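Read the structure below first, then the notes.
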Amino acid sequence: IEFAEEEDIRGLEKYLDRSGRILKNRAWDTVLLEQDEQELNGEFNDERIAHLYKSTTYQSPEKAAEKGQQDEEAVRDYLMTPRTTKLMMRRLSC
């Protein structure tokens, strides 16, 4: 789905882009399959499970940091608009 730059879809990504859900399900499947395999073999290795989960979700922190940076820039831009500046000055003068 393509959106014009002025249209804000922040917060609606999970409804528009299913790739996040696919990645989450893949991570869960990986962990659950490993748990089943370990149980069948009579062993338990939580470090292996953690490593598998981490390897399937390695991009998540990077994506979150990128989104946070974009949000910060959007807020900064919003606060610097003449209309917002005027409203803030009016509130501060009360």
Side-chain angles (χ1 to χ4, degrees):
I1 300 174
E2 295 289 327
F3 288 93
E5 202 171 311
E6 65 274 356
E7 292 182 281
D8 186 12
I9 60 166
R10 184 71 171 108
L12 301 175
E13 297 92 344
K14 74 178 188 177
Y15 301 108
L16 302 172
D17 181 4
R18 302 277 188 217
S19 63
R21 180 172 291 190
I22 291 168
L23 291 174
K24 179 176 71 172
N25 288 343
R26 185 178 302 149
W28 288 358
D29 289 345
T30 301
V31 168
L32 294 173
L33 289 171
E34 179 63 23
Q35 286 177 333
D36 286 346
E37 189 174 316
Q38 287 184 18
E39 185 178 352
L40 287 173
N41 294 328
E43 48 186 61
F44 176 73
N45 185 340
D46 58 342
E47 290 181 17
R48 172 136 174 85
I49 292 170
H51 174 74
L52 287 170
Y53 182 76
K54 192 173 186 178
S55 68
T56 58
T57 60
Y58 70 93
Q59 290 179 336
S60 297
E62 293 169 1
K63 285 183 179 180
E66 186 180 316
K67 290 280 188 193
Q69 198 168 22
Q70 290 171 353
D71 288 350
E72 181 181 0
E73 290 172 13
V75 168
R76 190 178 304 117
D77 290 346
Y78 171 76
L79 290 174
M80 298 308 289
T81 62
R83 182 173 184 264
T84 305
T85 304
K86 184 179 177 181
L87 289 171
M88 288 180 6
M89 295 304 287
R90 191 175 343 164
R91 292 251 168 121
L92 291 174
S93 67
C94 292

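Please read all numbers here as calculations on a predicted model, not as lab measurements.
Applying the side-chain hydrogen bond (donor to acceptor under 3.5 Å, both in side chains) test to every pair with at least one member in residues 43-53, sequence neighbours left out, gives these pairs: E34-R48.
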For residues 68-75, run the donor-acceptor check on the side chains, cut-off 3.5 Å, and write out each pair with its distance to 0.1 Å, sequence neighbours left out.
from, atom 1, to, atom 2, distance (Å)
D71, OD1, R10, NE, 2.8
D71, OD2, R10, NE, 3.1
D71, OD2, R10, NH2, 2.8
E72, OE2, R76, NH2, 2.9

Review item, side-chain donor-acceptor pairs of residues 79-89, under 3.5 Å, at least two apart:
from, atom 1, to, atom 2, distance (Å)
T81, OG1, Y78, O, 2.9
T81, OG1, T84, N, 3.3
T81, OG1, T84, OG1, 2.8
T84, OG1, Y78, O, 3.0
T85, OG1, L79, O, 3.4
T85, OG1, T81, O, 2.9

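Distance check: F44 CZ to I49 CD1 gives 5.0 Å after rounding to the nearest 0.5 Å. L32 contributes atom CG, which lies 10.0 Å from atom CG of N25 (distance to the nearest 0.5 angstrom).
Under the side chain to side chain contact (heavy atoms under 4.5 Å, CB included) criterion, K63 pairs with L23, Q59, not counting sequence neighbours. In this view, K67 and E13 satisfy the salt bridge (Lys or Arg N to Asp or Glu O under 4.0 Å) rule, not counting sequence neighbours. Applying the salt bridge (Lys or Arg N to Asp or Glu O under 4.0 Å) criterion to E37, with sequence neighbours excluded, gives no partner residue.
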